[in-house]
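This report refers to the structure that appears directly beneath it.
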Number of protein chains: 2
Amino acid sequence: MSLRHAVLGLLSEGPASGYDLMKLFDVSLSNTWPATQSQLYAELGKLADAGLVTVAAEGPRGRKEYAITEDGLAELRRWITDVEPTRVNRSDMLLRVFFLGRIPPERARAYLREQADLAAERLAHMEGIRPFVESGTDDLSRYGRIALEYGLRLSQVQREWAEWAESQIK
Amino acid sequence: MSLRHAVLGLLSEGPASGYDLMKLFDVSLSNTWPATQSQLYAELGKLADAGLVTVAAEGPRGRKEYAITEDGLAELRRWITDVEPTRVNRSDMLLRVFFLGRIPPERARAYLREQADLAAERLAHMEGIRPFVESGTDDLSRYGRIALEYGLRLSQVQREWAEWAESQIK
DNA sequence: CTCTTCATGTAAGAAGTTACATGATTTC
DNA sequence: GAAATCATGTAACTTCTTACATGAAGAG
């Protein structure tokens, strides 16, 4: 149930509406835990029912500003420290690799070349946004930078691996 | 719909029953695309309805041996070459990082230390199974080794990143 | 007054998880 | 004869995706 905790995490920085949260997801968690609008509103409803968040204020256009409760904060902390991250992260990019023997070698190489290029693009993109996240001094920015560094290193290794893999196919 | 293609991929190596496939998933795809037994049997039924596999033989205890059809093979190839791998791979390990500011620094360091240790364990485990997969000469083994190399490099970078991240927290 | 942004929701379906249920065959 | 392995399935529930639906408020 990570979406729930992603929402709690964002609300732990301060109150926000579903609309605000959607934008926050897009700028901060989109590469780690993307969420759709319908999922988000549904989750906020369940979170409120469970008493982990409350509607702290209502604004124009039916805006509901949610705030995390003490119980919600406790649940967030419990999840971070006591719940083991899932071992497996599915990758349909890697799944295809197992079956590259079913297509002609030149096609298999093209597939790996493409993955190397895509990884290089992601790398360039992240390098590009780096200067814009250097400045923030709040926790989300500080730890966001650590997460960004992970993305950078991951893309790097993906690019190198894909290039190596391409060279392995005769 | 990657599960479908994982099944087609395994069947492209030769006929197998649901039970056989379950074992194959466990030894080859468990870290890339795990599947549960109930998912597998349901998918085989749908695949047969769609004409992508057929029941090639029946054995004792109601055993049904499935074989991929020409349509199934075409669909597998189409998926590998024409369908873009999904951009995002969710990681609840990384999601927690964004919210480490909500727990005391020593706890945050412990979390990252734990992730470094887990990555080191995975690395050691993969190094351990490496000799056993060196030998296979079929496509699934050859490409399985390339996938294993990915796992190795990924674990390595995860370990290094987690150690670095730990050092970043004052 | 028109366009953009803000704002919340519902519905249908696909995919994944967990638990239950059953029984035949082989091995020791 | 008991235990392990082989073998298939169903049911309930959670999670995620895609598409639809509606409308108020602010900016120019």
Side-chain angles (χ1 to χ4, degrees), chain A residues 1-8 11 15-27 29-50 53 55-66 79 83-92 95, chain B residues 1-8 10-11 15-27 29-50 52-53 55-66 79 83-92 95:
Chain A
M1 266 201 302
S2 295
L3 174 67
R4 151 160 303 200
H5 299 98
V7 172
L8 288 174
L11 285 177
S17 67
Y19 190 85
D20 295 338
L21 287 171
M22 198 64 237
K23 283 188 295 181
L24 273 174
F25 262 93
D26 286 344
V27 298
L29 305 181
S30 58
N31 289 300
T32 303
W33 206 274
T36 61
Q37 185 240 42
S38 63
Q39 231 187 328
L40 192 46
Y41 283 105
E43 194 59 49
L44 282 168
K46 285 185 235 163
L47 244 10
D49 288 348
V53 304
V55 178
E58 305 206 18
R61 281 163 294 197
R63 176 189 173 92
K64 291 186 220 169
E65 200 166 68
Y66 291 91
W79 173 75
V83 182
E84 289 267 304
T86 54
R87 352 89 228 109
V88 186
N89 294 128
R90 288 182 161 88
S91 166
D92 63 323
L95 181 58
Chain B
M1 265 200 306
S2 296
L3 174 68
R4 152 160 303 197
H5 298 99
V7 172
L8 288 174
L10 291 179
L11 285 177
S17 66
Y19 190 84
D20 295 338
L21 287 171
M22 198 63 237
K23 283 187 296 181
L24 274 173
F25 263 92
D26 286 344
V27 298
L29 305 181
S30 58
N31 290 300
T32 303
W33 207 273
T36 61
Q37 186 239 45
S38 64
Q39 234 187 325
L40 191 47
Y41 283 105
E43 194 59 49
L44 282 168
K46 285 185 234 164
L47 244 10
D49 288 347
L52 302 180
V53 305
V55 177
E58 305 208 17
R61 281 162 295 195
R63 175 189 173 90
K64 291 188 221 168
E65 200 165 69
Y66 291 92
W79 174 74
V83 182
E84 290 266 304
T86 54
R87 352 82 227 120
V88 186
N89 294 294
R90 288 182 161 87
S91 166
D92 64 323
L95 180 59

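A, B, ... follow the sequence lines: proteins, then strands. Residue 1 opens every chain. Both backbone and side-chain heavy atoms feed into the values below; hydrogens, waters and symmetry mates do not.
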Value in whole Å for how far the [atom2] atom of [N] lies from [atom1] of [X]:
| X | N | atom1 | atom2 | value |
| --- | --- | --- | --- | --- |
| Asp20(A) | dA7(C) | CG | P | 6 Å |
| Glu58(A) | dT8(C) | CD | C1' | 12 Å |
| Leu24(B) | dA7(D) | CG | P | 13 Å |
| Met1(A) | dT15(D) | CE | P | 6 Å |
| Leu47(A) | dG9(C) | CG | P | 14 Å |
| Arg4(A) | dT15(D) | CZ | C1' | 12 Å |
| Phe25(B) | dA7(D) | CZ | P | 17 Å |
| Glu43(A) | dC16(D) | CD | C1' | 12 Å |

Distance from [X] atom [atom1] to [Y] atom [atom2], nearest 0.5 Å?
| X | Y | atom1 | atom2 | result |
| --- | --- | --- | --- | --- |
| Gln39(B) | Leu3(B) | CD | CG | 5.0 Å |
| Glu65(B) | Asp20(B) | CD | CG | 6.5 Å |
| Leu52(B) | Lys46(B) | CG | NZ | 12.5 Å |

Between Asn89(B) and Asn89(A), is there a donor-acceptor pair closer than 3.5 Å when you use the side chain of the first and the backbone of the second? no
Is a donor on one side and an acceptor on the other found under 3.5 Å between the side chain of Asp26(B) and the backbone of Lys23(B)?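 No, Asp26(B) side chain to Lys23(B) backbone: no donor-acceptor pair under 3.5 Å.
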Let me spell it out: for each of Arg90(B) and Lys64(B), pick the nucleotide of DNA chain D with the closest heavy atom. Which residue's pick is nearer the 5' end?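 Comparing both residues, the 5'-ward one is Lys64(B).
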Taking for each residue the nucleotide of DNA chain D with the nearest heavy atom, is it Lys23(B) or Leu3(A) whose nucleotide lies nearer the 5' end?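 Its nearest nucleotide lies further toward 5', so the answer is Lys23(B).
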Can you build the contact string for nucleotides 18-28 of chain C? Use B for base contact, S for sugar-phosphate-only contact, and - for no protein heavy atom under 4.0 Å. BB---BBB---
Heavy-atom closest contact (Leu11(B) atom, Ala16(B) atom, distance): CD2-N, 3.7 Å
Would you please confirm or rule out a distance under 4.0 Å between OP1 or OP2 of dA7(D) and any side-chain N or O of Arg63(B)?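 Affirmative; the distance criterion is met.
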Phosphate OP1/OP2 of dT8(C): any Tyr41(A) side-chain N/O under 4.0 Å: yes
Name the one of Leu10(B), Leu21(B), Leu24(B) that satisfies side chain to side chain contact (heavy atoms under 4.5 Å, CB included) with Leu29(B)? Leu10(B)
